[in-house]
Protein chains: 2
Amino acid sequence: MKLYKVGVMMISAEIVSTGTELLLGQSLNTNAQYLAEQLAALGIACYYQTTVGDNAERIRSVITHALERADMVITTGGLGPTMDDLTKEVVADLWKLELQMDAEELARIEAFFARRGKKMPENNKKQALLPAGAQKVPNAIGTAPGIIVEKGNKTIILLPGPPFEMQPMVETTVIPYLARKVGTEPTVLFSRVLKVVGPGESVIEDRLRDLLEHQSNPTIALLAKDAEVHVRFTARGHSQEAAKGCIHRLEQEVRQRLHPYVYGADDATLASVVGTLLRQQSKTLAIAESCTGGLIADQMTNIPGSSDYLLLGVTSYANRAKQEVLQVPATTLEQVGAVSAETALAMVRGVQALAGADAAVAVTGIAGPGGGTADKPVGLVYIAVRNGQEEIVKKIQTFGDRRTIKLKTAAAALDLLRGQLMANET
Amino acid sequence: MKLYKVGVMMISAEIVSTGTELLLGQSLNTNAQYLAEQLAALGIACYYQTTVGDNAERIRSVITHALERADMVITTGGLGPTMDDLTKEVVADLWKLELQMDAEELARIEAFFARRGKKMPENNKKQALLPAGAQKVPNAIGTAPGIIVEKGNKTIILLPGPPFEMQPMVETTVIPYLARKVGTEPTVLFSRVLKVVGPGESVIEDRLRDLLEHQSNPTIALLAKDAEVHVRFTARGHSQEAAKGCIHRLEQEVRQRLHPYVYGADDATLASVVGTLLRQQSKTLAIAESCTGGLIADQMTNIPGSSDYLLLGVTSYANRAKQEVLQVPATTLEQVGAVSAETALAMVRGVQALAGADAAVAVTGIAGPGGGTADKPVGLVYIAVRNGQEEIVKKIQTFGDRRTIKLKTAAAALDLLRGQLMANET
């Protein structure tokens, strides 16, 4: 991809994730994604990510290989208190740096345990050892400090594995450090993502074919997700503003061609977009879920401040709950069944009234793997939305395993709600 | 780690994930985890995972490097219909294999679109091209077939990126294929994981120190998760049974030392364990959530068949919902506030009565980042459980970002429920 033609002009970094649990598939590597996102935003090229186990010899070979290809290596994991934690020791040995006890860090780690009314276990002591000449990356949440070491034009950044420790460390210390490095580079890479819900990847590619075929700067790429497709623009320029500018023009064109399916950009999620619309219109929301089983409420409540507009979520799995909590008529359940337009409408009316909410969304369907029939197959879902007195119901057929069907249903439901709230604006 | 000493005797495989979206952090690499899990279960050693972008030259260099280190390379991604999809082309070129149109696959792909009432887009045609001599991995869900090619003692397996397409392909075709290969090997690696909720990694290491220090076969490793710690045993033997046997003895010892904090093993989740207990005791469940916002219900409903015992989940974010749906007394909310033991108890009683459920769990707390005070800081949570007429309430202080606090609270709540259901059994 053209994106990479600029490599020679840019700082490059490789992400090395350590942890035998990753090699054995017992843990999902969210750190590589998070760090990759940060590097892309800074315009630092990243061509490879590598995962290696808690094995000194292999960690050493991976870091050595990465340093041959890139200016910088960022590692996560292996800074913990246990005997498996080796990364710092490997790097110190590789660059012949003495490990020295840092009194300040030791005191901080002891205080960490004291705050929790505990004595520091002996094995946490080694977390206060730092390579000579290292720059510290303070850890405000956990015990292991991060470490930045430079040698000639190469840099190694060591970060702990737990995401909720590592991420604040990156935001407060590592990103400013990297920004200073990038600042001296002639070319900046800027990336932006449009998020599309509804049409599939092939349909979108057909609509954008000429743009995709004649792309240069910015480049465009399509990424299929569980329940969405993302359109990524990546531009290169002498400043962020220049890069943003040349994306802006193309973005408008793409938004027009994909209207009304583009729901947001970059960090926006369907839940955050719906939340923003509710806030702008000072409306409250109630949610009734059957097949999604609380997933829609969970997604909405991942947004900080969602308690300002989300009043109530009801997961009415049993028919009794549908009847007694949401006032779905027994006759409706008997005559057309729980998975029907009528039940979805009764659920949305019931939950809106129960919560006294301005808007409401309800879903009922078959998540599978069991429970499907010839006329009501697994993946069949009815979605109902109420915005004030206006109401709409939609039937969709989703495909995939139980979790995928839940995710696709949640996306379709939030998108239908989004459409109703926006219609309301014009 | 000793785990790797057996490498020379075993088949080894490397996982190569392709996709520029992974390098830019716009997509989480769940495929590497899934495949690593399958390889570990088969006793196939995996020492490295690599991620590379949609760039022919770099994909080629990564596959070439991996083939030098391992017997087998398994790739995901790059089999799609778009111009970015290059993996098959790279491998055909690397091993000088001609790409031939497979009439059967072409017909299947056309039928795939026909079933959805669509005509096959031109660009999907290339998905039916297969390297000469390749073994097909049928794709029952999506359009791209998987491919297995062998050359001398090396094997390359190409799989599509979307997890819900790739995983069934692995289960129906790839695992049987790999099992046949492994069957011819003298040593089998077997891995088992005990899942622990409650104590932290350091505390557990202290309790298992002697076992950790004198480990050989099986090996033991500790893995810290968002809300749990996993204890992994990996044993080697001439048969699965032999390996399982030598893990069994050590597992009993560890279970004893960590009692009552081990809630399950391997694929078990807190939700699946609670679900199984409810099923065994033929009990029904109701859930009332404030700070977890539907996450507990979402986790419970990820378990197939959960509709047999889960009656109702209520996300009562607003005080009005707590009062009118769950019958929490206004006076309680005024006098001690929504985040209190009294409110948690009122919620659990309310939701149990509303659903007519045998058991119920309720949580109320402060997920943050806002809303904390000196005496009620972010992360403070009250959990209440009712099992029939018996009730218990617990106060915990969690740490981390909003999502982490939700995850830790959900785990603590399901664990408290688990404890009450088990006490009931003895």
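Here is how names work: the chains are called A, B, and so on, in the same order as the sequence lines, proteins then strands, and each is numbered from 1.
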Side-chain touch [X]/[Y], heavy atoms, less than 4.5 angstrom:
X        : Y        : answer
A:Glu201 : B:Thr82  : yes
B:Gln33  : A:Asn29  : no
B:Arg116 : A:Gln397 : no
A:Ser61  : B:Tyr47  : no
B:Ser27  : A:Lys225 : yes

What I want to check is whether the side chains of [X] and [Y] have a donor and an acceptor closer together than 3.5 Å.
X        : Y        : value
A:Ser202 : B:Lys118 : no
B:Asn123 : A:Glu205 : yes
B:Arg402 : A:Asn302 : no

Once you round to the nearest 0.5 Å, how far does [atom1] of [X] lie from [atom2] of [Y]?
X        : Y        : atom1 : atom2 : answer
A:Arg115 : B:Phe399 : CZ    : CZ    : 8.0 Å
A:Asp298 : B:Asp298 : CG    : CG    : 5.5 Å
B:Thr51  : A:Gln49  : OG1   : CD    : 4.5 Å
A:Arg232 : B:Glu21  : CZ    : CD    : 7.0 Å

>> If the contact rule is any heavy atom under 4.5 Å from chain A, which residues of residues 315-325 of chain B qualify, in numerical order?
In response: B:Thr315, B:Ser316, B:Tyr317, B:Ala318, B:Arg320, B:Ala321, B:Glu324, B:Val325
>> Under 4.5 Å from any heavy atom of chain B, what part of A:Asn124 do you find: side chain, backbone, both or neither?
In response: side chain
Between [X] and chain A, with a heavy-atom cut-off of 4.5 Å, which part of the residue counts as in contact: side chain, backbone, both or neither?
X        : result
B:Thr18  : neither
B:Val52  : both
B:Ser306 : both
B:Ile141 : neither
B:Thr404 : side chain

>> Tell me every residue that passes side chain to side chain contact (heavy atoms under 4.5 Å, CB included) with B:Val378, counting only those two or more places apart in sequence or in another chain.
In response: B:Ile366, B:Ile405
Look at [options] and state which one has the largest set of heavy-atom pairs under 4.5 Å with chain B.
options                                : result
A:Gly400, A:Gly368, A:Ala224, A:Ala297 : A:Ala297
A:Pro121, A:Gly305, A:Pro304           : A:Pro304
A:Leu354, A:Leu28, A:Leu223            : A:Leu28
A:Asp401, A:Thr50, A:Leu295            : A:Leu295

>> Quick check: closest heavy atoms across B:Leu24 and A:Ala40, and the distance to 0.1 Å?
In response: CD2-CB, 3.2 Å
> Between A:Leu312 and B:Val314, what is the shortest heavy-atom contact and its length?
Replying inline: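 Of all heavy-atom pairs spanning A:Leu312 and B:Val314, the closest is CD1-CG1, 3.8 Å.
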> With a cut-off of 6.0 Å (strictly less than), are more than 12 heavy atoms of other residues, nucleotides or ligands near CD of A:Glu57?
Replying inline: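 Atom CD in A:Glu57 is not crowded, with 12 or fewer foreign heavy atoms closer than 6.0 Å.
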